[in-house]
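Letters A, B, ... mirror the listed sequences (proteins, then strands); counts begin at 1.
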Amino acid sequence: MSEGNKSLNFIEHIVEEDLANGYPKKQLRFRFPPEPNGYLHIGHASSICLNFGLGLRYNAPVNLRFDDTNPVKEEKEYVDAIKSDVEWLGYEWDIECYASDYFQQLYDWAILLIKQGKAYVDSQTSEEMAKQKGTPTEPGVNSPFRDRSVEENLELFQGMKQGDFPEGSHVLRAKIDMSASNMLMRDPLMYRVLHKAHHRTDTDWCIYPMYDWTHGESDYIEQVSHSLCTLEFASHRELYDWFLDQVVDPKKVRPKQREFARRNLSHTVVSKRKLLQLVENNMVNGWDDPRMPTISGLRRRGYTPESIRNFADTVGIAKRENLVDVSLLEFHVREHLNKIAPRVMGVLNPIKVVITNYPEGNTEWLKAENNPEDEAAGSREVPFSRELYIEQEDFKEEANRKFFRLKLGGEVRLKNAYIIKAESCSKDAQGNITEIQCTYDPKSKSGSGTEESLRKVKGTLHWVSVPHALSAEVRLYDRLFTDESPDTHKDKDFMDFINPDSLRIITGFLEPGLKDAKIGERFQFQRLGYFTVDPDSTPGKLVFNRTVPLRDTWAKIQEK
RNA sequence: UGGCCUAUGGUGUAAUUGGCAACACAGCUGGUUUUGGUCCAGUCGUUCUAGGUUCGAGUCCUAGUAGGCCAACCA
């Protein structure tokens, strides 16, 4: 992880300031608090990197806490997925915690508040309470149940807990101030009745605590020093502090909530609710579809944990609205894969080349470097024969000097092999080119050291021997949305911007050595991009996902 | 109509806390290259507006403008 003398973000400045003011470094503790109601996405990765990065920087523990107070939406499946995502990103949490572990303590504290006259049972409908709540510009009015006796409150609250009342009949509210300018302080709900089984406490509880009552107290129970959350919780801070005030022991650590802006990524949505919508409407094939900005989707797409961490690190953290361009994410995955991915040859859009002066039936095994960025990666052998596939885009009958590829009468180097010259081509009835006839220079073999082999020819093409080619399914992914910020249009739904061509499935022809490729292995298909073996692969049929194409300056030249 | 938050190149973040506005990405030029990749060199371009304090303001003050958040028995 990159630390050292890098400049600090504003959260680190806050910690540094606390330390400078005498805050004991030993008391530093952070937490990552996901709700297990969906899969983690790239935005969570930023939060994970922030919290665990702080833990690493200050050698402080970081808890993984599941904020599981709503059994209606939460499931164990999500808990397991979240744990494996955090681990995959390369982080180790100190304690695995659950807000549900604190239900009894929270309940006991609630009794205390009732006894102190700071909480009461309200027996109105949610509509009635909403009406009394007022608006941001008008104060609310007190509930008619606000002044129930402590005894009555205690009895009702116990009844709620035991399941004596139906859902919606009663709630427990904190007695604060119905005219507060902060709407959250207008007697916020602490508990609601819910006759639902919880993934951990089963049917033990018929009441469940609300977020505001739970979160700060959980931080306090765990003795978290700095509780970091996103900007929309800024106005919750006042309530966070009020709830803490009711229970805090001055001898213990008092957690401090601070807020940062969530990261938005261009050409996608970063919201569990919207991602769930994509899954449920079958716009993608599940949470780990490689087009999804989820951690599991990026993993399946071929991203490395390092690349995601580096991305989070360079993007940084601040308090203003933002829209990070995906090209930055793509830069980081290319940067890492360039160093570690073995190079191979694969043709995705084939056209046949026949080398007319090459002996029929002959096969030569040619040496090919595995990674020019890493000498230790060694080399392998690839078969060469009379009939080859090259990319259709790499041949034109006629072209100008800017086209460094194969054209009639022109020469080109076949990577790791020979220099060939295009002599003629055949076409079908529609005029489509079906085959290119070439001749090769037998003395130009790569690495042979001959004068001919050292000749400079402008273009180098990748290729695959037709009789040896391994065919595989190749999934080409593009951005999921055509708009850079699909969910910020007032008049349009984000679903209107779905890219209809976000997935193209083709058959590719690969060098035969790839037949033993394992799921999750990553390769650079030379001149094309980075690809990884998808879990859908079977022993007889490989499936490759394109992680990201190589930078393509030729495409830019062509645009002009 | 109220409260809170934010404003620095196209994008994202810095600025020793009042002292020459920098880093990365993207863009553009060139060089190297058996990947039009990588790598190398260069280049473009920034403090929302108006006042004020100060020898000096991105930073402090005032006013304005723009954007975001806040009225779920969600988190």
Side-chain angles (χ1 to χ4, degrees), chain A residues 6-9 13 33-35 37 67-70 72-74 122 125-126 129-131 133-140 167-173 180-184 186 189-194 207-208 210-212 214-215 229-238 259 261 263 266 272-273 313-325 327-332 334-335 338-339 343 345 369 372-373 402-405 412-417 419 446-447 453-462 484 524-529 549-558:
Chain A
K6 260 198 63 210
S7 57
L8 307 180
N9 63 46
H13 276 296
E35 183 191 7
N37 69 340
D67 221 335
D68 56 349
T69 57
N70 185 1
V72 179
K73 293 200 256 176
E74 296 153 6
D122 200 333
T125 63
S126 57
M129 284 188 281
K131 233 175 282 166
K133 196 143 194 186
T135 69
T137 54
E138 307 154 34
E167 291 183 9
S169 54
H170 304 283
V171 291
L172 186 74
R173 298 177 77 178
S181 58
N182 183 348
M183 299 283 296
L184 287 157
R186 324 246 260 226
L189 265 62
M190 294 172 69
Y191 280 95
R192 73 282 211 192
V193 174
L194 236 38
I207 53 171
Y208 289 91
M210 303 293 288
Y211 167 83
D212 288 296
T214 310
H215 203 91
C229 60
T230 45
L231 238 37
E232 67 268 28
F233 290 98
S235 53
H236 292 245
R237 188 150 112 197
E238 192 180 356
E259 310 83 18
R263 317 308 323 199
S266 78
K272 274 194 274 189
R273 208 198 87 241
D313 209 49
T314 55
V315 165
I317 211 77
K319 292 186 78 164
R320 49 177 160 165
E321 299 298 310
N322 59 78
L323 180 63
V324 184
D325 202 297
S327 66
L328 185 59
L329 219 208
E330 293 174 343
F331 162 78
H332 282 286
R334 285 194 193 105
E335 181 189 46
N338 177 50
K339 289 185 199 133
R343 264 99 249 234
M345 292 195 285
E369 194 179 20
E373 304 298 314
K402 280 189 170 176
F403 186 77
F404 303 161
R405 307 179 179 190
V412 89
R413 156 75 65 185
L414 290 180
K415 179 85 184 166
N416 305 312
I419 293 171
S446 290
S453 74
L454 268 16
R455 274 173 55 213
K456 298 285 175 200
V457 282
K458 192 61 187 169
T460 301
L461 308 185
H462 61 277
E484 67 168 9
Q524 184 195 96
F525 289 6
Q526 281 181 117
R527 302 212 301 137
L528 297 176
L550 250 29
R551 266 188 73 215
D552 189 354
T553 46
W554 171 238
K556 281 173 200 155
I557 294 167
Q558 283 180 109

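- Looking only at side-chain heavy atoms (C-beta outward), A/Arg173 and A/Met129 come within less than 4.5 Å of each other.
- The base of B/U35 lies close enough to the side chain of A/Arg343 for a donor and an acceptor atom to sit less than 3.5 Å apart.
- Across all strands shown, A/Asn9 has heavy atoms under 4.0 Å from sugar-phosphate atoms exclusively, and none from any base.
- When distances are taken from the side chain of A/Ser446 to each of B/C73, B/G37, B/U34, the shortest belongs to B/U34.
- Among the atoms of the strands shown, none is found under 4.0 Å from any heavy atom of A/Asn182.
- When each of A/Ala130 and A/Pro33 is assigned the nucleotide of RNA chain B with its nearest heavy atom, A/Ala130 is the one assigned upstream, toward the 5' end.
- Across all strands shown, A/Lys131 has no heavy atoms under 4.0 Å from either base or sugar-phosphate atoms.
- In this structure, A/Thr135 does not reach the B/G2 phosphate: none of its side-chain N or O atoms is under 4.0 Å from OP1 or OP2.
- Across all strands shown, A/Gln524 has heavy atoms under 4.0 Å from base atoms, whether or not it also approaches the sugar-phosphate.
- At a cut-off of 3.5 angstrom, counting only N and O atoms as typed in the model, there is no donor on one side facing an acceptor on the other between the side-chain of A/Arg551 and the base of B/G36.
- Here the separation of B/C48 from B/G68, taken at their C1' atoms, is 16 Å to the nearest Å.
- Considering only side-chain atoms of A/His13, the nucleotide from B/C5, B/A75, B/U17 that sits closest is B/U17.
- Taking atom P on both nucleotides, B/U46 is separated from B/G56 by 24 Å, rounded to a whole Å.
- Ring stacking is absent between A/Tyr211 and B/A75, as the pair misses the limits of under 5.5 Å between centres and under 30 degrees between planes.
- Nearest to the side chain of A/Thr137, among B/G2, B/G36, B/A71, sits B/G2.
- Nucleic acid contact class of A/Phe525 (heavy atoms, under 4.0 Å, all strands): none.
- For A/Lys73, no side-chain nitrogen or oxygen approaches OP1 or OP2 of B/A75 to under 4.0 Å.
- A/Ala234 comes within 4.0 angstrom of nothing in the nucleic acid, heavy atoms only.
- A/Glu321 comes within 4.0 angstrom of the backbone, heavy atoms only, and of no base.
- Residue whose closest nucleotide on RNA chain B sits further toward the 5' end, between A/Asp212 and A/Lys415: A/Lys415.
- Across all strands shown, A/His332 has no heavy atoms under 4.0 Å from either base or sugar-phosphate atoms.
- Out of B/G12, B/C73, B/C25, the shortest distance to the side chain of A/Ser327 is found at B/C25.
- Nucleic acid contact class of A/Ile557 (heavy atoms, under 4.0 Å, all strands): base.
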